[in-house]
Amino acid sequence: SDPALEAAFRNVDFRRAMSHLVDREAIIELVYGGSATPMYSNVYTVLDYWVNPDVTKYEYDPEQALALLNGIGYDDRDGNGVLEDADGNELSFTLATNAGNNQREQLIQIFADSAREVGVDVQTQPIEFSLLVDQLLSEGDDRPFDAILIGLVGGSRDYPFGNNVIPCGGNLHMYNTSGACLSPQELLIEKLYYEGRQTLDTPTARDIGLELQETQAQLQPIIYTVSPAQHYSWLNTVGGEHPSDLINAIVGAREFELTYVK
């Protein structure tokens with residue numbers, strides 16, 4: 001319903017600028033106490049075989065973010081500290097997350113503070129989780145949100161690209177619910193997804209996955225923030241845990257059916 005804001009979000013340099021405003025190191029220290037790693041692609045960092053180590057990274061750089069925004073026509077024309085487009089529309093949007101999740105509430109506030117420093121007015125909005133999901137999954141021309149911070153679980157070790165997230169038309173293809181790919185890059189991402197899914201050669205599938213991540217990084221339809229770490233502990237009287245080199249956030253620490261008291 002806001003053509004000016006729609007024009008901003010559909011501009012790839014705007015999305016790249018927003019990624020440059022995510023202070024991932026500050027989030028890691030202030031929100032997760034150092035127990036997280038920066039994330040720049042859709043593959044969980046624990047699945048290191050599949051992560052593209054050379055993926056384009058829009059690291060925290062407010063000056064570069066402002067340069068990108070200036071380059072697409074945003075400037076503080078009236079001197080009030082907020083950027084405007086050529087028609088005087090202020091660059092202002094709302095970033096929502098689920099209320100009660102203290103870590104995510106802190107995260108959106110850190111982002112909002114960074115954005116305001118370069119003249120992007122970001123209003124934070126913690127809301128009830130079911131309402132957040134309803135907004136995220138909404139369809140049509142006037143979806144009831146600007147931007148949402150949320151976390152997804154899942155992703156397998158054999159092919160860590162979600163079949164309901166990556167292809168156009170998936171119910172969690174969150175940035176485009178039209179059911180059809182809207183850009184050449186989006187179409188390429190879908191094509192790569194199916195090519196990698198259908199090959200039986202793991203190294204070939206990995207190469208395709210690396211290209212998929214790079215294409216998505218260039219497009220920045222979803223901005224990734226950080227990947228929290230998990231730490232496991234148990235009583236020494238309990239047995240059945242996996243070998244230490246197998247334990248991770250995907251596999252977990254044990255199969256409960258195989259747990260026993262020593």
Side-chain angles (χ1 to χ4, degrees), residues 22 24-55 57 97-108 110 126 128-130 132-133 136-137 148-167 170-172 174 193-194 196-210 212-213 216 222-262:
V22 178
R24 294 169 178 85
E25 295 300 332
I27 291 168
I28 289 169
E29 293 303 319
L30 298 176
V31 178
Y32 295 102
S35 188
T37 55
M39 194 168 179
Y40 296 98
S41 86
N42 61 304
V43 179
Y44 301 122
T45 55
V46 68
L47 300 173
D48 54 354
Y49 175 79
W50 293 95
V51 173
N52 184 343
D54 301 316
V55 71
K57 301 175 177 66
T97 195
N98 49 305
N101 186 314
N102 293 334
Q103 292 173 329
R104 290 182 187 164
E105 289 187 21
Q106 291 178 65
L107 198 157
I108 62 173
I110 290 172
E128 201 271 328
F129 184 70
S130 62
L132 188 78
V133 173
L136 187 70
L137 299 180
I148 284 175
L149 172 74
I150 199 167
L152 298 182
V153 298
S156 64
R157 288 177 292 166
D158 65 317
Y159 194 67
F161 304 99
N163 65 348
N164 58 347
V165 178
I166 301 297
N171 69 311
L172 284 175
M174 297 166 282
Y193 168 83
Y194 285 116
R197 176 76 282 181
Q198 291 165 6
T199 182
L200 299 180
D201 181 71
T202 299
T204 299
R206 178 180 182 270
D207 289 341
I208 294 170
L210 299 184
L212 188 158
Q213 291 170 71
Q216 195 173 54
I222 298 172
I223 296 172
Y224 299 98
T225 57
V226 302
S227 179
Q230 290 194 4
H231 303 277
Y232 297 93
S233 63
W234 51 85
L235 292 171
N236 57 14
T237 55
V238 177
E241 68 273 4
H242 295 311
S244 59
D245 60 349
L246 180 62
I247 293 172
N248 61 42
I250 301 295
V251 175
R254 62 176 68 244
E255 302 294 331
F256 288 113
E257 295 83 353
L258 302 181
T259 297
Y260 61 93
V261 176
K262 292 180 180 179

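All values derive from a computational prediction rather than experimental measurement. The residues of the chain are indexed from 1 along the displayed sequence.
Within the 4.5 Å cutoff, no side-chain heavy atoms of Thr97 are placed close to those of Leu107. In this structure, Asp48 and Val43 have side chains that are not in contact, with every pair of non-hydrogen atoms separated by 4.5 Å or more. Under the 4.5 Å side-chain criterion, counting only non-hydrogen atoms from C-beta, Tyr44 is not in contact with Thr37. Taking 4.5 Å as the limit, some side-chain heavy atom of Arg24 sits within range of a side-chain heavy atom of Tyr40. The closest side-chain heavy-atom distance from Ser41 to Gln216 is not below 4.5 Å. Residues Asn42 and Val165 fail the side-chain proximity criterion, which asks for heavy atoms closer than 4.5 Å.
Smallest separation of non-hydrogen atoms from Ser227 and Met39: CB-SD, 3.9 Å. Nearest heavy-atom pair, Pro38 versus Thr45, reported as atom, atom and distance to 0.1 Å: O-CG2, 4.0 Å. Closest of all the heavy-atom pairs between Pro228 and Ala36 is CA-CB, 3.7 Å. Listed here is the closest heavy atom pair of Ile108 and Leu149: CG2-CD2, 3.5 Å. Taking every heavy atom of both residues into account, Leu152 and Met174 meet most closely at CD1-CE, 4.0 Å. In this structure, Gly100 and Glu105 approach most closely via the heavy-atom pair N-OE2, 2.7 Å.
Among pairs with a residue in residues 251-260, those fulfilling salt bridge (charged side-chain N to carboxylate O under 4.0 Å, His left out) read Glu241-Arg254, at least two apart in sequence or across chains.
Checked by atom type and distance alone, the side chain of Asn98 never pairs as donor or acceptor with a backbone atom of Asn101 at under 3.5 Å. Judged by distance alone, the side chain of Arg206 and the main-chain N or O of Tyr49 form a donor-acceptor pair under 3.5 Å.
With sequence neighbours left out, Asn52 forms a side-chain hydrogen bond (donor to acceptor under 3.5 Å, both in side chains) with no residue at all.
Going from atom CD1 of Ile208 over to atom OH of Tyr194 covers 14.0 Å, rounded to the nearest 0.5 Å. The distance from the CD1 atom of Ile28 to the OG1 atom of Thr225 is 9.0 Å, given to the nearest 0.5 Å. Gln230 contributes atom CD, which lies 11.5 Å from atom CD1 of Ile247 (distance to the nearest 0.5 angstrom). Atom CD of Gln103 sits about 11.5 Å away from atom CD1 of Ile27, to the nearest 0.5 Å. Taking CG of Leu137 as the reference point, atom CG of Leu132 lies at 9.5 Å (rounded to 0.5 Å). Distance check: Phe129 CZ to Arg104 CZ gives 6.5 Å after rounding to the nearest 0.5 Å.
Between Tyr159 and Tyr193, the ring centre distance stays below 6.0 Å.
Figure legend: cation-pi geometry between Arg197 and Phe161 absent, as NZ or CZ is not positioned both under 6.0 Å from the six-membered ring centre and within 45° of its axis.
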Output, in order, the C-alpha distance, side-chain angles, deciding distance and verdict of side-chain contact (heavy atoms from CB on, under 4.5 Å) for Val55 and Leu210. CA-CA 8 Å; Val55 71; Leu210 299 184; over 6 Å; no
